[in-house]
2 protein chains.
Amino acid sequence: MASRTIRTPGIKDVAALAGVSASTASKALNDTGQLRAETRERVRRAAEQLGFTPDSRGRALASGRSFTVGLITTDSSGRFSIPIMLGAEDALSAGEMALVLCDTRDDPLREQHYLKSLVSRRVDGIIVTGRRTEAREPIDVPIPVVYAFSPSTDPDDTSVIVDDHGGAASAARHLLSLGREQIAHVTGPESHLSAQIRAAATMGAAREAFVGQPLYGEWSERWGRHAVDVLLRAQPTVDAITCGSDQIARGVCDRLRELGRSVPDDIAVTGYDNWSVMALASRPPLTTVDMELEELGRRTANLLLDVIAGSPRRGQLILPTRLIPRESTLGT
Amino acid sequence: MASRTIRTPGIKDVAALAGVSASTASKALNDTGQLRAETRERVRRAAEQLGFTPDSRGRALASGRSFTVGLITTDSSGRFSIPIMLGAEDALSAGEMALVLCDTRDDPLREQHYLKSLVSRRVDGIIVTGRRTEAREPIDVPIPVVYAFSPSTDPDDTSVIVDDHGGAASAARHLLSLGREQIAHVTGPESHLSAQIRAAATMGAAREAFVGQPLYGEWSERWGRHAVDVLLRAQPTVDAITCGSDQIARGVCDRLRELGRSVPDDIAVTGYDNWSVMALASRPPLTTVDMELEELGRRTANLLLDVIAGSPRRGQLILPTRLIPRESTLGT
DNA sequence: GAAAATCCGGAACACGTTTTCCTGGACGAA
DNA sequence: TTCGTCCAGGAAAACGTGTTCCGGATTTTC
């Protein structure tokens, strides 16, 4: 039994090597307590020499915190959740927090399972995010929670959301400022809140320049192409189209080009999302609205850190979007 | 001090309520030790009544395991890492393991930081993944590691990779089986291993049906469009084009349509990646090669679980791809 | 020179669980 | 009756850290 299997060194090993007690070593490494500078240094060198990395399980137990937050997403495959995730992870890692990923795949059972697991891990906080802007049922855990993108239905919960209204309005105003006078709107299913909001905001901002009715369809290029035909039949003199997504906008551009209409000379087009594979690959590249989701993720994480630190900020935080002007409205 | 702040109940509370000792409660809840069935049941009811969830920090400390694995990715924004991540998370969550996400953003400093953090958390294992198929430097930690997508340069490490050669060959064989006799290949930068491999595999499988030289460029639609012009000038009689990515293939299709060439009647086209927003939105939808990355993630996770359990499987595991036939080769 | 203040560092405990070892009792066999 | 066996459950150690308290040593003060 003399030669135990090799372990990673613990604080006791460091202490022994430095010739002090474990508690002294702890104080030395954490810059706490009253120690001579020389002692501190000696312990530090010992730790260095042994390649000591403190075991956060012990620390977690002692401190009552786990330095971990859970991210629960209804679909991380979606392109909305991912930037949020990344932003959150970025903000958290700066604070030495780890992020554990839970993809529920929209399955309530899986969600329950994950919640239980996170509670059992005594996670310091939870971020909940979804792929729709509709408010969602709050989750019930004895742990700080912040909602991102999909707010909680409970207005007292902390939620960080995108200013969808402002985003759509900024696109419309951009077109007005370029002198466009007949603006149409093509977007996704009317059942989607974001489609409704964007349509309403567009009409509100365009006012008398808005022509016809918003065209609801699906979030696809195909619908964008088809919508052009519908639109041109009803409003042949339209000179601008704002779209509810970059995919739709790309379809719109493609179809317009096929019909020999120039973008933006004849008709200007705007997208929504700033999804680079769509917005940049489109011909011409799309003027679009960036929801700045990574920043949203960061803000969410920082808000969660505040809640954990004991100073919660309740209610909805609405983050601004950013208009990215490109050739589809400006020309070359 | 009598009314302490309300805590989540511990196993001792459960034990007290059931009238047994903590150790007995532990045994009852874990189906271990020698206990009367009646006692077990009593403890279970007590746990249920108190809504007891075991604290995994304590469990981690006692068991020596943390029931956590780290996923280190050089860019999780890439569309390759994400399905891998999801697959891994899926496989791990079944085993009650949590996955902590570490996005290094290709920064060696951040990678070091994350590694230190994972070691400090005494993670049970680490999955390393990247966005390129080139082998990468192994990481040096006293923890089981499995590499996914980007293998380790050390052949003794465990790596799970995609059969890029087989994938490209399957596309070429598919075209041959359809009677195509002049096959060209358009792909990404020659500096990318995957581009080289796919080109070589295409030539090998097409044999005398291969015309000209592989056209190397970039992974973009723009290059795909441009490549068509280059290609048709050099090889006017080509009747099939295999592409190194769906983006390139989409560009190829677009340009061919503009030139009045029918896909697939005049020229058949195949993509690579089965990236649905590209492959399905393309006109016509693309026959393409699916790398089954989510499955790769699952396999990787399961392999890691094996290593953790003590039965490592060294070397490279090469997973097959799947050919997805669609209209761009089959017609309607 | 003695008392007080200050500085250092160690012993012990807490955190929540699992696990090993041990004890007391019931039971059967000789 | 006595010995051994088996069962049910408890006490304590272990995991690795942080923290509180306390005592000894050194310095300061009168």
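The structure displayed is predicted, hence computed values, not measured ones. Within every chain, numbering begins at 1; the chains are lettered A, B, ... in the order of the sequence lines, protein sequences first and strands thereafter.
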Selected nucleotide, minimal atom distance to A/Ala62 side chain, candidates D/dG10, C/dT17, D/dG18: D/dG18
Mind calculating the distance between [atom1] ([X]) and [atom2] ([N]) to the nearest angstrom?
X	N	atom1	atom2	answer
A/Arg65	D/dG18	CZ	P	13 Å
A/Lys12	D/dT17	NZ	C1'	9 Å
A/Ile11	D/dC15	CD1	P	15 Å
B/Asp55	C/dT18	CG	P	10 Å
A/Leu61	D/dG16	CG	P	12 Å
B/Lys27	D/dA11	NZ	P	11 Å

Expected list for residues 29-48 of chain A near DNA chain C, using heavy atoms below 4.0 Å, is A/Gln34, A/Leu35, A/Arg36, A/Thr39
Is there a side-chain contact (heavy atoms from CB on, under 4.5 Å) between A/Asp163 and A/Leu319? Walk through the geometry before answering. CA-CA 6 Å; A/Asp163 182 8; A/Leu319 294 188; over 6 Å; no
Verify side-chain contact (heavy atoms from CB on, under 4.5 Å) between A/Thr8 and B/Arg122, making sure each step is shown before the conclusion. CA-CA 10 Å; A/Thr8 72; B/Arg122 298 298 188 268; 3.3 Å; yes
Please report the closest heavy-atom contact between A/Leu304 and A/Gly125, naming both atoms and the distance. CD2-C, 3.9 Å
If you look at every heavy atom in B/Ala148 and B/Thr300, which pair is closest and at what distance? CB-OG1, 3.6 Å
Within the structure shown, what part of the strands sits under 4.0 Å from A/Ser26 by heavy-atom distance: base, sugar-phosphate, or nothing? base
In B/Thr68, B/Thr53, B/Asp55, the residue satisfying side-chain hydrogen bond (donor to acceptor under 3.5 Å, both in side chains) with A/Arg121 is B/Thr68
Do B/Asp124 and B/Arg65 meet the salt-bridge criterion of a basic N to acidic O distance under 4.0 Å? yes
Salt-bridge contact A/Arg314-A/Asp157 (side-chain N to carboxylate O under 4.0 Å): no
Starting from the first five and the last five pairs of the helix from C/dG1-D/dC30 to C/dA30-D/dT1, work out the angle between the resulting helix axes, to 10 degrees. 60°
Closer to the 5' end of DNA chain C via nearest nucleotide, is it B/Ser23 or B/Arg57? B/Arg57
Quick one: on DNA chain D, does B/Ala22 or B/Gly58 contact a more 5' nucleotide (nearest heavy atom)? B/Ala22
